[in-house]
Amino acid sequence: MKTVRELTALAGLVFTVAVVADFYSRLPERIATHFNGAGVANGFGARSTLWVLVGIAALLYLILSIIGSLPGVVSVKRPLAPERERVVLAESMAMVGWIKAEMCWMFAYLCLAMVRNGMGLQLGIGAWFLPVTLLVVFGTCGFYLVRIFGEIRGV
């Protein structure tokens with residue numbers, strides 16, 4: 001399952017870079033760079049902002065990859081049996097992996113939407129972007145935290 005998470009996250013990052021690299025030269029100098037909660041553009045700036053988003057996505061990918069490869073960053077203050085501790089650690093790393101994949105695809109969609117806005121093919125990012133993103137990320141956290149705390153309490 002870890003391979004699926006990693007490939008999903010990497011595919012999102014590669015897609016982000018590919019979209020920006022492919023369409024960058026065809027965009028106007030000023031594009032929509034900020035959107036309100038309803039997904040409507042309310043700020044405009046240089047198209048180079050897209051590369052900033054690519055950089056943030058790559059940085060998040062790198063940081064979350066490092067965290068995912070250092071299982072020692074997770075510690076439980078309450079002593080657990082070794083098998084339970086392994087389960088808590090595995091669930092924690094799975095949560096980090098899925099959050100990484102979700103963030104990579106969130107940035108991929110955001111860059112694609114900004115490109116499409118700049119080309120006049122789309123208006124805004126959609127009113128559903130913010131609620132869906134929050135639901136997916138917090139849903140993932142909630143799902144894994146219930147499993148982790150259930151394991152810690154021995155449920």
K.L.:
Atom SG of Cys111 and atom CZ of Phe15: how far apart are they, to the nearest 0.5 Å?
P.N.:
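The CZ atom of Phe15 is 9.5 Å from SG of Cys111, to the nearest 0.5 Å.
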
K.L.:
Taking Leu135 as the starting point, is it possible to reach Phe143 by hopping between hydrophobic residues whose side chains are less than 4.5 Å apart?
P.N.:
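No; Leu135 is not reachable from Phe143 via cluster members.
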
K.L.:
Taking the side chain as C-beta and beyond, is there a heavy-atom pair between Met106 and Val136 under 4.5 Å?
P.N.:
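Side-chain contact under 4.5 Å: no.
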
K.L.:
How long is the span from the OG1 atom in Thr16 to the CD1 atom in Ile56, to the nearest 0.5 Å?
P.N.:
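Atom-to-atom, Thr16:OG1 and Ile56:CD1 are 12.0 Å apart.
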
K.L.:
Determine whether Leu60 and Lys100 make a side-chain contact, defined as any pair of heavy atoms from C-beta on separated by less than 4.5 Å.
P.N.:
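No, side chains not in contact.
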
K.L.:
Before giving the answer on side chain to side chain contact (heavy atoms under 4.5 Å, CB included), spell out for Ile99 and Met103 the whole-Å C-alpha distance, their side-chain angles and the decisive distance to 0.1 Å.
P.N.:
CA-CA 6 Å; Ile99 294 295; Met103 290 293 102; 4.2 Å; yes

K.L.:
Is it true that a side-chain atom of Tyr109 and a backbone atom of Ile125 form a donor plus acceptor pair closer than 3.5 Å?
P.N.:
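Side chain of Tyr109 to backbone of Ile125, a donor-acceptor pair under 3.5 Å: yes, one is there.
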
K.L.:
How long is the straight-line distance from CG of Leu13 back to CZ of Phe107, given to the nearest 0.5 Å?
P.N.:
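Here the rounded value is 10.5 Å.
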
K.L.:
Quick one: do Met119 and Leu53 end up in the same hydrophobic cluster if we chain Ile, Leu, Val, Met, Phe, Trp and Tyr together by side-chain heavy atoms under 4.5 Å apart?
P.N.:
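Same cluster.
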
K.L.:
Could you measure the distance from the CZ atom of Phe35 to the CG atom of Asn117? Nearest 0.5 Å is fine.
P.N.:
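Result: 4.5 Å between the selected atoms.
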
K.L.:
For the residue pair Trp98 and Tyr144, establish whether any side-chain heavy-atom pair is separated by less than 4.5 Å.
P.N.:
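A side-chain contact under 4.5 Å exists here.
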
K.L.:
Verify, without hydrogens or angle tests, whether Arg5 (side chain) and Gly97 (backbone) share a donor-acceptor contact under 3.5 angstrom.
P.N.:
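It does not hold such a pair.
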
K.L.:
Are Val14 and Leu112 connected into the same hydrophobic cluster when the rule is that any two of I, L, V, M, F, W, Y join if their side-chain heavy atoms are below 4.5 Å apart?
P.N.:
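In one cluster with Leu112: Val14, no.
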
K.L.:
Using a 4.5 Å cut-off on heavy atoms from C-beta on, say whether the side chain of Leu130 contacts that of Leu134.
P.N.:
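Leu134 reaches Leu130 side chain to side chain.
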
K.L.:
Can you find a heavy atom in the side chain of Val96 that is under 4.5 Å from one in the side chain of Ser92?
P.N.:
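No, side chains not in contact.
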
K.L.:
Under 4.5 Å between side-chain heavy atoms, counting indirect links through other Ile/Leu/Val/Met/Phe/Trp/Tyr residues: same cluster for Val52 and Val115 or not?
P.N.:
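Yes, Val52 connects to Val115 through the hydrophobic network.
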
K.L.:
Under 6.0 Å from the CZ atom of Phe138, do we count more than 12 heavy atoms belonging to anything else shown?
P.N.:
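At most 12 heavy atoms, drawn from other residues, nucleotides or ligands, come within 6.0 Å of this atom.
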
K.L.:
Answer yes or no: is there a side-chain heavy-atom contact under 4.5 Å between Arg30 and Arg47?
P.N.:
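No, their side chains stay 4.5 Å or more apart.
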
K.L.:
Taking atom CE of Met93 and atom NZ of Lys2, what is their separation to the nearest 0.5 Å?
P.N.:
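Spacing of CE (Met93) from NZ (Lys2) equals 9.5 Å.
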
K.L.:
Without swapping roles, check the side chain of Arg116 against the backbone of Leu121 for a donor-acceptor pair under 3.5 Å.
P.N.:
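Judged by distance alone, yes, a pair lies under 3.5 Å.
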
K.L.:
Could you check whether any side-chain heavy atom of Met114 comes within less than 4.5 Å of a side-chain heavy atom of Leu27, counting everything from C-beta outward?
P.N.:
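Of all side-chain heavy-atom pairs linking Leu27 with Met114, none is under 4.5 Å.
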
K.L.:
Between atom CH2 of Trp128 and atom OG1 of Thr133, what is the distance when rounded to the nearest 0.5 Å?
P.N.:
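Between Trp128 CH2 and Thr133 OG1, I get 7.0 Å after rounding to 0.5 Å.
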
K.L.:
Do Thr49 and Ile31 have side chains that approach each other closer than 4.5 Å (heavy atoms only, starting at C-beta)?
P.N.:
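The answer is no, as the side chains (C-beta and beyond) never meet within the 4.5 Å cut-off.
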
K.L.:
In terms of hydrophobic clusters joined by side-chain contacts under 4.5 Å, are Leu10 and Val4 together?
P.N.:
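No, Leu10 does not connect to Val4 through the hydrophobic network.
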
K.L.:
Tell me whether the count of non-hydrogen atoms from other residues, nucleotides or ligands lying under 6.0 Å of CG in Leu123 goes above 12.
P.N.:
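Not buried by this count: 12 neighbours or fewer within 6.0 Å.
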
K.L.:
Is the side chain of Glu151 donor-acceptor paired with the backbone N or O of Arg153 at a distance under 3.5 Å, no angle test?
P.N.:
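Side chain of Glu151 to backbone of Arg153: no pair is present.
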
